[in-house]
Amino acid sequence: MRNYILHDEWKIIEKGFHPEENRIYESFMSLGNGYMGMRGNFEEDFSGDSLQGSYIAGVYYPDKTRVGWWKNGYPEYFAKVLNSVNYIGIRVKLNGENLDIAKLKEAKDFSRVLNMRDGSLERSFVAVSNDGKETKVEIKRFISLKDKEIAAISYSVTPLNYDGKIEFTPYLDGNIVNEDSNYDEVFWNEVSQKSTPFYGEVTMQTKKTNYYVTAAMSYDVLLDGNNANVTPEISERSKYAENTVSVTTSKNSTATLYKYVGVASNRYYEEELVIAKAYDAVERAKNAGFDKLFAEHSTKWHDHWNESDIVIKGDVAAQQGIRFNIFHMTATYTGEDSRLNIGPKGFTGEKYGGSTYWDTEAYCIPFYLSTADEKIARQLLIYRYNQLDKAKENAAKLGLKGALYPMVTMTGEECHNEWEITFEEIHRNAAIPYGIFNYVRYTGDKKYLAEYGFDVILETARFWVSRSNYVPQKDKYMILGVTGPNEYENNVNNNWYTNTMAAWNISYALETYDFLKENYPAELKALVEKLGIADAELAEMKEVSSKMYYPMIEELGVFSQQDNYMDKEQILVKDLDPSNLPLNQKWSWDRILRSCFIKQADVLQGIFFLSDRYDLETKKKNFEFYEPRTVHESSLSPCVHSIIAAEIGNTEKAYEMYLRTSRLDLDNYNNDTDDGLHITSMAGTWMSIVYGFGGMKIKDDMLHFSPFIPEVWDEYSFKVMFRGNLLNITVNKENIIINQEKGSNLIIKVNNKEYELNGSTITI
Ligand code: BGC
């Protein structure tokens, strides 16, 4: 495996510039604060290869669908998260020569460093020009985790072997495009732009969706730490604002530009206030100054690490991997706004359109439940609750009852237009109530069921009832023509995972009904009226869930992925010549579909979700059958395998799969990190340590742990928040130490034995 970066516990370090891999490094070095984010692009001009990316959460464009052969029911658009105003730009001239790393004789001692502890990106190099001038350049930037509308950059230049004139042009540029635009359309129109001495503003509006976004800027210029008394020159052009200032320096004197940016949008303010709000943010930033802003921002990050860190001793690569995952999960979603969700690439690239997938419920919710206040995860549930009407429309479009949540969405409408996914990958519908189940099980907030949960659980269950068909010869209900989580086979009948989760969804609706009847009778009465539930419907639900059909491979005693899985030629991945991998880049799609190779956890995904139902022997048999046939070509795959491997005692495999998930992007396993990072699978990595190695489960309102430690580690510890408690669990070769950092009177189980915590530390 190629080492792109140096191993370090808290930093992602690129040493020496790698122009041919710049996009990969830009992805690694992305920053975000839940409200906005950006790739690790350069501030100064760069004529080499780069994917420019600066994104504002929730600001999207409904790009007209592009498809070869239109099928009825396809959505009209594919939502795209938008590359938006480039606000990091600072053009730099050194004695009249434009600084562009691609054109230098050398960028000596280049380093680009993501500091995960503080949430900052730092870059430094000595620019050696073709005529031998050497200039030290040092840059640091961050997007404030404290004041979400603010970004700040410190840009310092020190001539090392000459006296001269340094020119800085801080600018805002709305002339931006998305690389993935379907018709090379420009998604933004200009509303206004303005440059005045020391200030600039660019306001842009998205076509169709009418998001109105202002980026405003100001700056200070210092020479060796003192005000440089510069006189700005102003220049304006369409969608663009800039100021140019120059400073005369002598050898070894440092000129520094502090750029302060404020970003505001009509997602949070009335349109007519947006410009003023962006300027307000700039003023707040400028008044505080770079150092104070940074101190406040990094304190927020430190607080966050205090509640969510995982420490691994004896394995720096694994330590770096897990922190990288936690860092980017936090940078992507902070849960203040229930209209936002978690795009599979977060703020790190365009792919997947920044839209919401089942990844949120299947992978991300457990992470936020344990590492942040429970209201953060609740926002993700509310997001789906608010989209229930659209999900009902979506089911109706397919001629079905109840609600079908989309596979890919921004507003609740389906955005995906491949028939095998849009129409067939319906398993996602059960993940939505599963998210509720997980939330309620973890937090104990059962009232949520009466307030919001039941509507979603019932309508998704209704969909499954109408999508199943009765087969009298077998006296069973079947679900035909689907794609399971394994996207490497389509239009299969009775995908075990889909049938299992469908029946689970229906049963959960019935259970919740009974629970509400007992505990919230008045609320249930209102719900029954609102949702129009009749006794006959409940009886039908019972009938379908109890008579669901589950294909088995009888001779092996394992669940069959789908009716015809065993009709396929059975080959194991280890027997494939490695030159065939990854299949999705080497084989025709037809060949993939005919093969037995599995993209990602499918049967095993169901076993993971409904873990309490299956005994160890069943888990073992299914794991041993399916894992050797799985190519893990979805980033979501290794983590589930790691967790089950840990549970069945295959600790070596658990560790192998863990490494693959935790360093998936850092080691570019899937050869696609240039597109952006796999944000949603990062939550899975976290689960592989906490659920896998730590053996954490929530059963009977109680936290359970059954930890093991991978052989190569000396010790690891992780933190979990649970119902007002903060626990730090440390596992080493001799002991398990549980320290209750917050809370009291908590009973937990470790290896099935009860322990009481009272603000105390226990050593087992
Ligand atoms: C996976 C899906 C996932 C999507 C977005 C696909 O490659 O097969 O399960 O939802 O990526 O992460």
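Each ligand, and each atom within it, is numbered from 1 in the order the structure gives. Keep in mind it's a predicted model, so treat the numbers as computed, not measured.
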- Task: Using a strict cut-off of 4.0 Å, indicate which atoms of ligand 1 neighbour a heavy atom of L636.
- Result: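 By the 4.0 Å cutoff, the relevant atoms are 3 (C), 9 (O).
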- Query: Quick one: which ligand 1 atoms are inside 4.0 Å of a heavy atom on W358?
  - Reply: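 Contacts of ligand 1 toward W358, numbered from 1: 2 (C), 3 (C), 9 (O), 10 (O).
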- Query: Is E374 salt-bridged to R378, going by a charged N under 4.0 Å from an acidic O?
  - Reply: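 No.
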- Query: Does E179 come within less than 4.0 Å of R23, counting only side-chain N to carboxylate O?
  - Reply: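 A salt bridge links E179 with R23.
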- Query: Is Q600 close to ligand 1, meaning an N/O of one under 3.5 Å from an N/O of the other?
  - Reply: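 Min N/O separation from ligand 1 is below 3.5 Å for Q600.
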- Item | Y357 N/O to ligand 1 N/O under 3.5 Å |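 N/O-N/O distance below 3.5 Å does not exist for this pair.
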- When you measure from atom 11 (O) of ligand 1 to every protein heavy atom, which one gives the shortest distance, and what is it?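 That would be Y352 OH, 3.6 Å.
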- Query: Quick one: which of E487, E425, K599 has a heavy atom closest to atom 7 (O) of ligand 1?
  - Reply: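 Result: the heavy atom closest to atom 7 (O) of ligand 1 is in K599.
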- Task: Would you tell me which option among T356, N486, D359, V408 has the nearest heavy-atom contact to atom 10 (O) of ligand 1?
- Result: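 Closest candidate by heavy-atom distance is D359.
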- Can you pull the ring pair (Phe, Tyr, Trp, His ring centres under 6.0 Å) pairs that have at least one residue in residues 381-409, sequence neighbours excluded?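 Listed by first then second residue: Y385-Y452.
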- Query: Looking just at side-chain N and O atoms, do Y477 and N499 make a donor-acceptor pair shorter than 3.5 Å?
  - Reply: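 No, N499 and Y477 have no side-chain donor paired with an acceptor closer than 3.5 Å.
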- Message: Is it true that S611 and K619 share a donor-acceptor pair across their side chains at a distance under 3.5 Å?
- Response: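 Yes, side-chain donor-acceptor contact under 3.5 Å.
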- Task: List for me each residue that meets side-chain contact (heavy atoms from CB on, under 4.5 Å) alongside N72, sequence neighbours excluded, and say none if there are none.
- Result: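 Partners of N72 by the side-chain contact (heavy atoms from CB on, under 4.5 Å) criterion come out as none, since no residue qualifies.
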